Protein chains: 2
Amino acid sequence: MEQRVDPSPTLQDVAKEAGVSVATASRVLNGSSRTVGKDNVERVLRAAGKLGYAPNLSAQATARGSTKTVALVVSDIADPYFSTLAAGVLEGAEAAGLIVTMAVADRSAERECRIVATLRGYRPHVIIVAGSRLDGPRDALVEELRAYVAAGGRAAVISQPGLPFPTVAIDNAGAAKDLALALADEGYRRFAVIRGPAGLHTSRDRCDGFLAGLRQAGIEVCRVLDTEFTEDGGYAAASRLIAAGLDDVELLFAVTDAMAIGAMRAVRDAGLVPGHDIAVAGFDDIGPATDVSPALTTVRVPLHEMGKRAMDLALSGADPAEVQWMPTQPVLRTSTPTSTPDSVS
Amino acid sequence: MEQRVDPSPTLQDVAKEAGVSVATASRVLNGSSRTVGKDNVERVLRAAGKLGYAPNLSAQATARGSTKTVALVVSDIADPYFSTLAAGVLEGAEAAGLIVTMAVADRSAERECRIVATLRGYRPHVIIVAGSRLDGPRDALVEELRAYVAAGGRAAVISQPGLPFPTVAIDNAGAAKDLALALADEGYRRFAVIRGPAGLHTSRDRCDGFLAGLRQAGIEVCRVLDTEFTEDGGYAAASRLIAAGLDDVELLFAVTDAMAIGAMRAVRDAGLVPGHDIAVAGFDDIGPATDVSPALTTVRVPLHEMGKRAMDLALSGADPAEVQWMPTQPVLRTSTPTSTPDSVS
DNA sequence: TTGTATGCGTTATCAC
DNA sequence: GTGATAACGCATACAA
């Protein structure tokens, strides 16, 4: 048996079926309303319905010279951080009648750049890059985006202030500092921090901010541990710390929730109880942060809102230099109980 | 100052710059290789580079009559279940040189159908629907997809066997049964199960399978609780159960990890210790399942692989009736310790 | 090997 | 109001 394939009905088919010209059909199906006869409208609509017509958006795009799509590039969609961001972008796009095409850069700056180049081929209405969390030269990316913008595109960037495009970001250093202060307020005095590779702005800013907060509270950090920017990295670092002797470290701050959750696991695996034997704090407030127990103290980052805001920002044709700073907030949960946990020696 | 916008360079521009015809330029930049002169290749390449040319994929699509995109529709991208699935699809697409456009149905069958209709406008190479977890009539969706396929499209569906399209799925009932058996093996005898709305196949199959497993082990379930198909639903149901008196229920099985994690929280909030006072088990093995403590016993579902497989299945032009059953596996973790937890009265 | 001409499905500019 | 028809940017059959 042959695989019968009658191609999608075109505007021509609809027009013929309705007994009108393509122009008329086009007008009722898409174009600027009112200029078409009541009866013809009905004929066309009926014909379209009967044939199951769906406009060829690619053809529409070439004809119009513009698309109704937004291109989104993230580092890793399975990461709650990015998937929440993506959800916000999708919501914003939906509201604007746009549809989003998305690609993952897999935490490689080079791949990210290639992806933007490819995506650019779709002449999307908007390009949003949510690719923080990776290191490497951004010049190529900037060039690519600049060309896109020069050709009339709208770009927005999430979490990497300093790039010459409208940006939505948070004050990593300030937020970390606030957290440190809040924790000091709770009575904590002896801290260790787990951070990612030095090249990562996000990691560095959060670490530096946290240390600054401690200093302001008259506290000196006990230990700073370098590791991978992942949950496993957090696990490894915490394990190392514990193996080397916790001394009287009371609280472990990891620069991301993922790392903090990894650290909590390490604590548990070492036979200690997080929140009791040692407090743990993270940064991001991703979903799982409230699922773990004890619930993770962290800095709330409005990920979903940031995604949505990035859409709005790009759409509004914001000034390339505009940085929309989103509010953050320390969220104290039971992983950092108010009464200083018993220190283990 | 005017906002200067010189549109993206076209193939014509490149051709002119290189001093060749558009046809030649087209050939070297895209078409079937070998048929073009060594020197011209270089000229075109140089010209393209200099102008920053990126082919207009929409135009390419209309000309070729086919796209290099796959459309993916999920219920909620922020849900780890779907984001993991999506990651698999994205990986598969990447491998096939496809780019994915994605939309969220927000757990509404009606929206899902509308989305497919819209996506269809892009004449994507593939459409993948990962929209289980919602109830309602699927007829409209089937019609939409059928039209798409009739026009030469490739469709695949995840987790909803019974639809006339290539499908990747798991045996929910069988897997739940295996879990029940494994749990019975561990010595558990008194179970309660938390499930979602009756209309949800996924929920019903998992619940029924679990009960069947118990029955086979000669065990009668103590309680079956109906609730929302969400983490909060799990919380509410578990709270209800505890409030009504746990009696000697030893283990709480929720039909999804999300619900199970909610249930764990309820247990904790009631002053009990999950895994100690009462065991908890879920289904899906989403990321957070290993982050919570005690780590959640569950059924491992190869979400990432399923996404990738769906891509392959669609691409291979599989038989519409083909259902690719993916293996699942009970994973016993510390939320169901081997020694039956002390029952609380 | 290279160029010319035509077509892809729509939109938009004209006339009527 | 409606209908030809020229773009849109690219691919390709065909001729050179």
Side-chain angles (χ1 to χ4, degrees), chain A residues 5-45 47-48 51-69 118 120-124 151-152, chain B residues 6-45 47-48 51-68 118 120-125 151-153:
Chain A
V5 173
D6 37 6
S8 301
T10 76
L11 201 53
Q12 301 236 30
D13 300 329
V14 177
K16 192 188 315 180
E17 172 78 20
V20 300
S21 72
V22 270
T24 304
S26 173
R27 287 191 261 259
V28 16
L29 259 15
N30 314 296
S32 48
S33 33
R34 301 281 166 258
T35 82
V36 56
K38 208 63 167 108
D39 45 345
N40 273 351
V41 168
E42 183 143 346
R43 301 162 75 95
V44 172
L45 253 27
L51 268 46
Y53 171 76
N56 183 323
L57 268 26
S58 290
Q60 223 168 47
T62 55
R64 280 209 254 252
S66 74
T67 348
K68 291 289 233 171
T69 76
T118 302
R120 199 148 80 77
Y122 283 97
R123 305 289 184 272
Chain B
D6 37 6
S8 302
T10 76
L11 199 54
Q12 301 237 29
D13 301 330
V14 176
K16 192 187 316 177
E17 171 79 21
V20 300
S21 73
V22 271
T24 304
S26 173
R27 288 191 260 260
V28 15
L29 260 14
N30 313 295
S32 48
S33 33
R34 301 279 166 259
T35 84
V36 56
K38 209 60 166 106
D39 45 345
N40 273 352
V41 168
E42 183 142 346
R43 304 162 72 95
V44 171
L45 253 27
L51 269 46
Y53 171 76
N56 184 324
L57 267 27
S58 290
Q60 221 168 50
T62 56
R64 284 209 251 251
S66 74
T67 348
K68 291 290 231 170
T118 301
R120 199 148 78 78
Y122 284 96
R123 304 288 185 273
H125 196 62

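Because the structure is predicted, anything quoted here is derived from the model rather than measured. In what follows, chains are A, B, ... by sequence order, proteins preceding strands, each numbered from 1. Hydrogens, waters and symmetry mates are skipped; everything else that's a heavy atom, side chains included, is used.
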Partners of [X] by side chain to side chain donor-acceptor pair (under 3.5 Å), sequence neighbours excluded?
X	result
Glu17(B)	Lys50(B)
Thr24(B)	Ser21(B)
Gln12(A)	none

Does anything in residues 52-66 of chain A come within less than 4.0 Å of DNA chain D? Heavy atoms only, and list the residues if so. Thr62(A), Ala63(A)
In this structure, how many angstroms lie between the [atom2] atom of [N] and the [atom1] atom of [X], rounded?
X	N	atom1	atom2	answer
Asp13(B)	dC8(D)	CG	P	11 Å
Leu11(B)	dA5(C)	CG	P	17 Å
Tyr122(A)	dC10(D)	OH	P	14 Å
Arg120(B)	dG9(C)	CZ	C1'	15 Å
Leu29(A)	dT11(C)	CG	C1'	13 Å
Lys16(A)	dG9(C)	NZ	P	12 Å
Glu42(B)	dT2(C)	CD	C1'	18 Å
Arg27(A)	dT11(C)	CZ	P	11 Å

If every non-hydrogen atom of [X] is compared with every non-hydrogen atom of [Y], which pair is closest and at what distance?
X	Y	result
Pro55(A)	Gln60(A)	CB-NE2, 3.8 Å
Asp13(B)	Ser8(B)	OD2-O, 4.3 Å
Ser58(B)	Tyr122(A)	OG-O, 4.2 Å
Val41(B)	Val28(B)	O-CG2, 4.2 Å

Would Asn40(B) and Arg43(B) count as a side chain to side chain contact (heavy atoms under 4.5 Å, CB included) if you check the C-alpha gap in whole Å, the side-chain angles of each, and the deciding distance to 0.1 Å? CA-CA 5 Å; Asn40(B) 273 352; Arg43(B) 304 162 72 95; 3.3 Å; yes
So what's the dot-bracket for DNA chain D: Watson-Crick or G-U pairs under 3.5 Å, [ ] if a pair crosses, | if it pairs off-strand? ||||||||||||||.|
Would you please confirm or rule out a distance under 4.0 Å between OP1 or OP2 of dG1(D) and any side-chain N or O of Asn40(A)? no
Can you tell me if the side-chain N/O atoms of Asn30(A) get under 4.0 Å from OP1 or OP2 in dT11(C)? yes
Counting only non-hydrogen atoms, which of residues 18-25 of chain B are less than 4.0 Å from DNA chain C? Val20(B), Ser21(B), Ala23(B), Thr24(B)
Counting C-beta onward and ignoring hydrogens, is there a side-chain heavy-atom pair between Val14(B) and Val44(B) closer than 4.5 Å? yes
Does some side-chain heavy atom of Leu57(B) sit less than 4.5 Å from a side-chain heavy atom of Lys68(B)? no
Where the side chain of Thr67(B) meets the backbone of Ala61(B), is there a donor-acceptor pair that is under 3.5 Å apart? no
Scan Ser26(B) against the nucleic acid and name what it touches under 4.0 Å (heavy atoms): base, sugar-phosphate only, or nothing. base
